[in-house]
Amino acid sequence: MPKDIWFVTREYAEVAEAGGIKNVVRSLAEEFAKNGWQVTVFIPFYGCTDTSCLTDFHHDCIPPVTLQIASQTFSVSFSCANFRTIPNLRLLFIIHPSFSEKLGVYTYTESEELQNNTHICGTGHEDSIFLNTLFQKAIVSFGNHITGMNPPQIINCHDAATAMVPAFVNESRSLFFKDTKCVITIHNAGPAYHHSFETIDTALVYTGLPYNILYQALNGRSVEPFLIGCQFAHMTTVSPAYAEELLSPNSSNTGGLSAAFIKKGIGITGIINGIDYDRYDPADTEKSKLPYRFDPLHKDLTGKYKCRSYFLTIYSHTRTEKLQNGNMVKQYGVISDQQETKQENNVVYISFHGRIVPQKGIDVFTAAARNLMAKYDFVRFIVMGQGISELENSLIQTAGNFPGRFLYLKGYNRALSRLCTAVSDFIVLPSRFEPCGLEDFIAQIYGTIPVAHSVGGLKKIRDRTTGFLYTPDTAETLSSVLSDLVEQKKKNPAVFDKIIFDGAAEVKNKYSWSVVVRDFYMPLFKRLIGKI
């Protein structure tokens, strides 16, 4: 019996990148392909799409289709391509000018702001509701028009921007989808990630879905895509702990979704995200993108500290790097390995990498960093990320107040973000809520110890065994925990060696995607469709 699966996503690693979803979907797609499934990934074709890892492009793989949205008619075309190294895996691109004119997946870039000052860098696309609706309707229309292709047993939709696909499949009444089961994976149910319609009237105009379906999806006055889709799909999320939080009446970080899930009796299966250790492997510089090799799995950290020396050489003075799509990494502050007291050099390096948004606890991090630098002259902070201007400005100000001791790199670059993590002793993850967490995995692969707020998917860190957990998430608590750690690191660095080595081994052996797919995704999907 053929095994066909569709993944629906707005982003995909190395093709169109934004947040952590890109890595999850690519890893899932590759693992299912390796296990003999025919995998099709549906994604829009953006102005920032990178096709260098693809081959066998076929434009207009079916004739263009016409879609009705908000009383207007739109023509959408389709192109497909294969990955050079992965059989059974193809990308199916949704082609429309509304996507191809965008230089970012969800938000405007600096280049777009220069062209149009109303498109503020970092803010969401003004036509995002239209984009999401067009994308999802196009996918279902593709299924209704394709010939010579097996229907999918599973359609796995990733996050709110794709969560209406099951409803559109149901309303299509298509024989092509008659045996298809839909799964919606919640990557983030925070209020900023709902992609909701402001009113039921707006949802009616854009989606054309029946009133009763949209009425069941109300959250206050808003209509939620997650609540639309969950009427026709099985719900999953990216860690068991986050599933518990999503179904907790005490949850305060879902903008009302938790209460709606509970009221409707919606079940959510929590499956921890994995990671492809091989893709980050510090023992292979071509894969890791780091300047020197090292191997925590075999207790070799020499190259980690060579990477640090390399990093310090570069960022002991100010520079600006031009990056892809007109974006730039802007440097604020410099970093030095010299102490003000000129004592024996034994500096401790602490990093943060991620989106500069309230969810990530940037205010807690910044306050704790200031506390530590006021107390110790041998502590250095390295921050990389971009987001809300107010929080970015706080980091910029901190870099100015603590010259040589706080470096803020505003922007994103894959190789540089990995280097920032790899050169550090500790990475701080003070998230207010965190569905799964990827940065803790990456840090552990690179021999950097995570220090995290004990919440959601970050609870997979085993306290004092593979990292450190703390609660409550306050600057005072974090300052206290970090103070203890930097003092221990200063006095006896070797005390952390076992945590470093155990952390890397656990990521490799327990959280590799091959293990997660084999032990969790495959059994779930087979239960949904019947044993293959």
Side-chain angles (χ1 to χ4, degrees), residues 289-292 304-323 327-341 345-357 360-430 439 442-443 446-451 475 478-479 482 485-486 489-490:
K289 313 300 181 187
L290 300 175
Y292 298 96
K304 176 181 176 72
Y305 302 115
K306 288 183 179 179
C307 288
R308 178 180 293 173
S309 296
Y310 170 84
F311 183 87
L312 291 172
T313 299
I314 296 173
Y315 290 102
S316 61
H317 60 277
T318 302
R319 54 182 274 156
T320 300
E321 296 190 47
K322 290 187 176 180
L323 298 176
N327 290 316
M328 304 173 74
V329 170
K330 295 184 178 180
Q331 178 182 344
Y332 297 93
V334 298
I335 194 160
S336 166
D337 63 351
Q338 298 300 313
Q339 297 179 62
E340 294 173 4
T341 56
N345 181 32
N346 193 10
V347 175
V348 179
Y349 296 86
I350 301 171
S351 65
F352 171 91
H353 170 246
R355 288 174 290 116
I356 308 302
V357 295
K360 298 298 183 179
I362 301 300
D363 55 336
V364 171
F365 171 85
T366 305
R370 285 176 168 271
N371 290 344
L372 253 71
M373 288 185 291
K375 187 175 181 180
Y376 305 107
D377 72 341
F378 59 87
V379 176
R380 302 288 182 271
F381 284 89
I382 302 166
V383 180
M384 185 174 190
Q386 58 190 341
I388 294 177
S389 296
E390 180 181 354
L391 296 174
E392 291 177 342
N393 290 338
S394 176
L395 295 171
I396 293 169
Q397 183 180 39
T398 302
N401 292 342
F402 295 90
R405 302 168 64 190
F406 191 99
L407 172 67
Y408 173 39
L409 299 171
K410 177 185 172 183
Y412 173 75
N413 172 267
R414 183 189 303 134
L416 182 54
S417 68
R418 292 182 181 188
L419 184 60
C420 289
T421 298
V423 305
S424 303
D425 297 300
F426 302 98
I427 189 170
V428 177
L429 305 166
E439 295 303 324
I442 297 171
Y446 292 151
T448 301
I449 298 172
V451 181
L478 179 56
S479 296
L482 290 177
L485 293 176
V486 300
K489 180 71 175 175
K490 178 79 169 178

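Keep in mind that what you see is a predicted model, and the values were worked out from it rather than measured. Along the sequence shown, residues are numbered consecutively beginning with 1.
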Self-check item: Aromatic ring pairing F365/F381, orientation class (parallel under 30°, perpendicular over 60°, tilted between)
Solution: perpendicular

Any side-chain heavy-atom pair of [X] and [Y] under 4.5 Å:
{"X": "T366", "Y": "Y408", "value": "no"}
{"X": "I350", "Y": "L372", "value": "yes"}
{"X": "Y349", "Y": "T448", "value": "no"}
{"X": "Y332", "Y": "T398", "value": "no"}

Value rounded to 0.5 Å, distance of [atom1] in [X] from [atom2] in [Y]:
{"X": "L482", "Y": "Y376", "atom1": "CG", "atom2": "OH", "result": "9.5 Å"}
{"X": "E392", "Y": "K330", "atom1": "CD", "atom2": "NZ", "result": "9.5 Å"}
{"X": "I356", "Y": "E390", "atom1": "CD1", "atom2": "CD", "result": "13.0 Å"}
{"X": "C307", "Y": "R418", "atom1": "SG", "atom2": "CZ", "result": "12.5 Å"}
{"X": "L419", "Y": "I314", "atom1": "CG", "atom2": "CD1", "result": "7.0 Å"}
{"X": "R355", "Y": "L391", "atom1": "CZ", "atom2": "CG", "result": "12.0 Å"}

Exercise. Any chance you could lay out the side chain to side chain contact (heavy atoms under 4.5 Å, CB included) test for V423 and Y310, step after step, and finish with the verdict?
Key: CA-CA 9 Å; V423 305; Y310 170 84; over 6 Å; no

Quiz prompt | CA sep, side-chain torsions, deciding dist, call: S424, I382, side chain to side chain contact (heavy atoms under 4.5 Å, CB included) | solution = CA-CA 8 Å; S424 303; I382 302 166; 4.2 Å; yes

Practice problem: Please determine if D425 and K490 form a salt bridge, counting it only when a charged side-chain N lies under 4.0 Å from a carboxylate O. | Solution: no

